[in-house]
Protein chains: 2
Amino acid sequence: MAERRVRPTIHDVARRAGVSATTVSHTFSGKGVVAAGTREHVREVARAMGYRPDAVARGLRNNRLGVIALVLRPLETLDSFLPEGVDYFLRFAGQAALAAMELGYGLMLVSDPTQDSSPAAALACDGFLITEPVQNDPLVAMLTEERMPFLTVGRDPENAGYDSWIDTGTTPMTLQVLDHLRGSGARRIALVTGTDRNSWNIDAEAAYRSWTAQREQDPLVVHQPETAGLAGGSAAYRELFSATSFPDAVYCLTGRHAAGLLTALTEGGLRVPHDVQLIAGSDSEHTRSATPPITAIDLGPELLARVAVTRLANHLDAVDRPIPTGDLQGRLIVRGSTR
Amino acid sequence: MAERRVRPTIHDVARRAGVSATTVSHTFSGKGVVAAGTREHVREVARAMGYRPDAVARGLRNNRLGVIALVLRPLETLDSFLPEGVDYFLRFAGQAALAAMELGYGLMLVSDPTQDSSPAAALACDGFLITEPVQNDPLVAMLTEERMPFLTVGRDPENAGYDSWIDTGTTPMTLQVLDHLRGSGARRIALVTGTDRNSWNIDAEAAYRSWTAQREQDPLVVHQPETAGLAGGSAAYRELFSATSFPDAVYCLTGRHAAGLLTALTEGGLRVPHDVQLIAGSDSEHTRSATPPITAIDLGPELLARVAVTRLANHLDAVDRPIPTGDLQGRLIVRGSTR
DNA sequence: CTGAAAGCGCTAACAT
DNA sequence: ATGTTAGCGCTTTCAG
């Protein structure tokens, strides 16, 4: 391809304005010293010619493109952007895009650049945002090695060697859920987690185990792949409710698992919340529209996204804009599936 | 900032491999002719040094960055990426991102680059995707003028001078909705549209007017801003149902208007669908979770996105990959708000 | 205050 | 088959 260039360059403007390219450059970058009159004149000529600075040429020179890359880790396994069940990531991406624009950055959605199928442009970005990195995430390793600035939302569970991550408050949130269930009468609470090795799954399970240990309750944990969706919920039902002693409450980290489990429970003749209480770790359309609607955590991805983008952009620009404040920890939305 | 460069360049590799920069360039671009042995050797050295081609430098040289920009027009007025009500755009963006990656592009979410608040990087993109351009869209004009490839989803309703747009089938879809309502007994059907001057609103209204004219029915059209959300639905209710003669069915293009209208109807003592039938033009969480659930059109944004990205990328790469097939026209999901 | 010249990392002629 | 050279558009010393 290589379409012929039609946009005027800094030289075209310089020639028409009767000044040097340097002066034009200074006018637009605000760096050097340009007499007010000259600057106005250059601006005028540039506008008339439809000149706009070329971000790529600038990027080459300044080593800075003005783009933040976003890697939505779990989407690469889920392989679907359907709002059902991945609600969280879409809300995150959308808000991140808005926040980035407000700070003068574009937000690029990319797949993992350690796979070489990923677009080459990914590595041209100024910094990376990674939601829910997995254990010993190869991307974290690569970015560290290449000294590319990055920030993860949730931490890499095994990598102690970096501190650029945002705590999503999984541990206290898990304890709050368990206390809530106990407070409404549950005595034998089971946990259903996904199989991705991210801090979301790992920290929740750890918190659950320590909570049950303190109460001398036997932990009852089931793992189902995130990708199994509703079917993962049925599978969890079969694992949990075929034993002699049933749980009287289940905490499902994934909304789709919770919805699938709810269906299986109902079909199996168990009433929710009367016989079994149910909470989902991530609010989504599935939890909201289930019958009964499922109590769930709204993780507040919008705020997380704004915080993440602002922190990363502050780092990139070496400035100190205020970080949006608020509770990063998520909020329990109590619905009909708990008492 | 301008962090010091740590990545090796093509020259570093060339020196270490004992060849010229051209040879290194050729081995990586696959363009020139390089002896198999040399190529292997260069690859080896490059890997050892951790060399990766710099996408920005390539971009400058080739006038091609490997990035597609996505402008979600209505979001700029809605100013929120919340899934409630803008469901469509999130599904579109997510699927577009995946499709772009599969074709070797990154997808960048940008705001309108004709506003100069927009990130400079926006104009560095290889092509633009614009959902629902508005009448005489300034962005369409600018891209045309700059000879930047672009594709709009829905057409610019006033601009006959371009053909790079995807027909979302608004007209036949509108007729289908009206026929559906008539088929279930409606005799006086009202239309509620948004106020954005895009083909979605304009074509639907035109189709509605011609349909009513053919049946010698008086057209009954109400306009409410998209941004009014649920309140726009209440406002539409007051406009439509304070006259002496009420409609017995309403087609609301916007899901949130439909949900607001439904609430107002119920509070006004009218039963849906018994007294008034209701259809929404765009499926969303609001229509799905209303009581009763609202019959709505699923516009199938995933397919639209894949088609749009593939067409644009084909154009950019001057190749002819197959375009995903399927019905771009949307599908009526019949629920409790119609008989 | 303004301009000439060098070069960011890569590629495309054009030699050799 | 490989190397030399001249830029892509912009910024940045450094002289004037």
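Residue numbers begin at 1 in each chain, while the letters A, B, ... track the order of the sequences.
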Which part of the nucleic acid, if any, lies within reach of Y51(A) when heavy atoms closer than 4.0 Å are counted: base, sugar-phosphate only, or nothing?
sugar-phosphate

Selected nucleotide, minimal atom distance to I10(B) side chain, candidates dC10(D), dC10(C), dT2(C)
dC10(C)

Single hit among D126(A), L103(A), L312(A) for side-chain contact (heavy atoms from CB on, under 4.5 Å) with I68(A):
L312(A)

Using 4.0 Å as the upper bound for N to carboxylate O, is an ion pair formed by D163(B) and R155(B)?
no

All N/O pairs under 3.5 Å across the protein-nucleotides 12-16 of chain C interface:
residue	atom	partner	partner atom	Å
dA12(C)	N6	T22(B)	OG1	3.3

Atom CZ of R64(B) to atom P of dG9(D): distance rounded to whole Å?
17 Å

Between R15(A) (CZ) and dA4(C) (C1'), how many Å, whole number?
16 Å

First encountered from the 5' end of DNA chain D, between L60(B) and G18(B):
G18(B)

Nearest listed nucleotide, side chain of S20(A), among dC10(D), dC10(C), dG3(C)
dG3(C)

Can you tell me if CZ on R16(A) sees more than 12 non-hydrogen neighbours from other groups inside 6.0 Å?
no

L65(B) CG - dG9(D) C1' separation (whole Å)
13 Å

Atom CG of N63(B) to atom P of dG7(D): distance rounded to whole Å?
17 Å

What's V56(B) touching, base or sugar-phosphate or nothing? Going by heavy atoms closer than 4.0 Å.
nothing

Rounded to whole angstroms, how far apart are CG on L123(B) and P on dG9(D)?
15 Å

In whole angstroms, how far is the C1' atom of dG7(C) from the CG atom of D54(B)?
14 Å

Looking at F28(A), I'd like to know if the NZ or CZ of R39(A) sits under 6.0 Å from its six-membered ring centre while staying within 45 degrees of the ring's axis.
no

Test log, rule side chain to side chain donor-acceptor pair (under 3.5 Å), inputs T152(B) and Y162(B):
CA-CA 10 Å; T152(B) 70; Y162(B) 80 107; 2.9 Å; yes

For E145(B), does the CD atom have more than 12 heavy-atom neighbours from other residues, nucleotides or ligands under 6.0 Å away?
no

Under the 3.5 angstrom rule, does the side chain of R7(B) hit a backbone N or O of R52(B) as a donor-acceptor pair?
yes

With sugar-phosphate meaning primed atoms plus P, OP1 and OP2, does V24(A) contact a base, only sugar-phosphate, or nothing at under 4.0 Å between heavy atoms?
nothing

Rounded to whole Å, please give me the gap between NE2 in H11(B) and C1' in dC10(C).
8 Å

